[in-house]
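Some notes on the structure that comes next.
Since the structure is predicted, the reported quantities are computational estimates derived from the model, not experimental observations. Sequence lines set the chain letters: A, B, ... in the order given, protein chains first and strands last, and positions in each chain run from 1.
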Protein chains: 2
Amino acid sequence: MERKEISKAVISRLPRYYRYLGELIEEGVERISSNELSARMKVTASQIRQDLNNFGGFGQQGYGYNVKYLYAEIAKILGIDQQHNLIIIGAGNLGQAIANYTNFERRGFVIKGMFDINPKLIGLVIRGIEIRSVDDLEFFIKENEIQIAALTIPKTKASEIADRLVKAGIKAIWNFAHTDLVVPDDVVVENVHLSESLMRLSYRVCSMNDQAEIEGKTSK
Amino acid sequence: MERKEISKAVISRLPRYYRYLGELIEEGVERISSNELSARMKVTASQIRQDLNNFGGFGQQGYGYNVKYLYAEIAKILGIDQQHNLIIIGAGNLGQAIANYTNFERRGFVIKGMFDINPKLIGLVIRGIEIRSVDDLEFFIKENEIQIAALTIPKTKASEIADRLVKAGIKAIWNFAHTDLVVPDDVVVENVHLSESLMRLSYRVCSMNDQAEIEGKTSK
DNA sequence: TAGATTGTTAATCGATTAACAATC
DNA sequence: TAGATTGTTAATCGATTAACAATC
């Protein structure tokens with residue numbers, strides 16, 4: 001069964017399609033054409049059709065796409081129709097923010113436990129999730145069939161913990177630490193580097209300022 | 001003064017270069033060739049040279065790049081050699097996580113205030129930053145020359161607050177709400193959509209599983 | 001059936017990589 | 001000077017957009 005490799009660009013657009021389709025369902029819209037969706041999402045209709053056709057023909061000529069059907073299909077593609085067991089390592093503000101975000105659960109991401117090294121935090125319960133000692137990490141992962149670990153700890157500890165996670169058989173790391181983790185090929189790492197995001201923002205603010213200056217000088 | 005438009009891909013790589021150069025400085029490395037850096041960062045040397053040459057010739061033939069100099073130059077390009085005044089709107093866990101992250105300050109991002117609508121939070125002080133009522137938003141922005149607003153509030157309130165921010169003269173929004181904000185062309189929006197990041201992770205975990213299954217069937 | 005809109009192929013555009021002359 | 005490595009041009013690769021035949 002030959003599986004065409006899907007480009008990263010396509011995959012990263014899928015969640016956004018999913019979000020818009022969810023909104024359409026809430027609005028009670030039953031069907032939508034690539035053209036209408038294109039206008040809403042500010043992407044080309046061509047791109048929408050190309051992206052979707054990587055996974056199959058979900059539409060119908062002359063009709064468009066059935067919103068609910070497409071929504072469900074994208075959920076399947078993203079794997080959010082299945083349950084994913086998750087742990088959070090690092091029970092600081094960021095870890096707690098994730099633990100408190102109930103929407104993840106609606107997408108099948110079930111937070112089974114939190115871990116920290118701070119004795120003051122260990123034993124606390126957040127939204128029904130207990131904070132445990134990192135000493136119990138390996139045992140807990142196996143016992144609870146944990147697939148994903150969110151890493152919300154300082155970068156100094158990150159690679160050490162990542163190694164332990166890999167050895168314990170974790171499938172994926174959602175990495176918030178400001179460092180690039182080195183893991184085997186069959187372990188997925190998704191980085192959320194907030195400081196890099198903020199720097200990109202800074203660049204754009206500055207280049208916007210420069211532009212305004214130039215225009216101010218030349219036109220008026 | 002003709003400014004060549006720099007592609008988004010290049011800009012999004014700059015913070016990563018910056019991070020690696022910072023690590024090299026810590027290690028006491030004085031100079032580095034595009035080839036050595038390429039090996040560390042797992043990108044091609046060609047890409048490094050191309051990326052940097054968008055902004056000027058920072059290297060020297062036969063020598064490579066001076067680490068400290070390049071580090072400082074990238075800081076200038078990103079605008080993190082300047083101070084940026086920032087506010088956080090939404091003093092929940094995520095807002096507090098950002099407020100507590102002292103590294104932002106080292107890059108010139110100074111958090112001047114936090115805002116919330118919850119009376120229980122208003123008046124609290126986090127790391128010297130007071131939580132204020134959103135009623136005071138417009139006054140505070142003008143009084144404190146705020147350029148950037150981090151939006152860590154639920155999506156239902158996001159566009160209303162975004163409109164107020166734009167009217168109050170904010171230059172950039174760091175948007176953590178799960179919605180696309182509509183703002184004028186001269187206002188920058190940088191999105192951090194955590195749920196979309198988690199869905200991408202989910203996709204990759206699932207396609208990894210599929211692959212393992214296929215290989216399991218065909219090879220052994 | 002006629003009109004609408006998809007699925008898909010072809011054309012274009014942009015980004016990455018390779019190659020090498022310039023130069024420290 | 002000879003060796004190393006950049007800056008930059010050319011070649012390749014991939015992603016986006018346009019076009020249109022297929023078909024509901």
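Looking at residues two or more places apart in sequence or on another chain, you find a side chain to side chain contact (heavy atoms under 4.5 Å, CB included) between A:R16 and A:R19, A:Y20, A:M41, A:V43, B:D180, B:E196. With sequence neighbours left out, the salt bridge (Lys or Arg N to Asp or Glu O under 4.0 Å) criterion links A:R31 to no other residue. In this structure, the side chain to side chain contact (heavy atoms under 4.5 Å, CB included) partners of B:R13, at least two apart in sequence or on a different chain, are B:A9, B:V10, B:Y17, B:Q47, B:D51. Taking the salt bridge (Lys or Arg N to Asp or Glu O under 4.0 Å) definition, one finds that A:E23 meets it with nothing, sequence neighbours left out. For B:E27, the salt bridge (Lys or Arg N to Asp or Glu O under 4.0 Å) test picks out B:R40, with sequence neighbours left out. Looking at residues two or more places apart in sequence or on another chain, you find a side chain to side chain contact (heavy atoms under 4.5 Å, CB included) between B:V183 and B:V166, B:I173, B:L181, B:V187, B:V189. Scored by the ring pair (Phe, Tyr, Trp, His ring centres under 6.0 Å) test, A:H178 finds B:Y101 as partners (sequence neighbours excluded).
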Pair pattern of DNA chain D in dot-bracket, where unpaired bases get dots and | marks partners in another strand, Watson-Crick or G-U under 3.5 angstrom: ..||||||||||||||||||||||
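Of the residues in residues 20-28 of chain B, not one places a heavy atom less than 4.0 Å from an atom of DNA chain C.
Under 4.0 Å is where a charged nitrogen must lie from a carboxylate oxygen, and between B:R200 and A:E190 at least one such pair does.
Distance B:Q47 CD to D:dT9 C1': 17 Å, rounded to the nearest Å.
Applying the ring pair (Phe, Tyr, Trp, His ring centres under 6.0 Å) test to pairs two or more places apart or on separate chains, those with a residue in residues 57-77 of chain B are B:Y18-B:Y71. Counting only residues at least two apart or in different chains, side chain to side chain donor-acceptor pair (under 3.5 Å) contacts with residues 78-99 of chain B comprise A:N100-B:N93, A:S202-B:H84, B:Q83-B:N85, B:H84-B:Q147.
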Where protein sits on nucleotides 1-8 of chain C, one letter per nucleotide: B base, S sugar-phosphate only, - none, heavy atoms under 4.0 Å: ---BBBBB
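Phosphate proximity of D:dT16 to A:T44: absent, as no side-chain N or O sits under 4.0 Å from OP1 or OP2.
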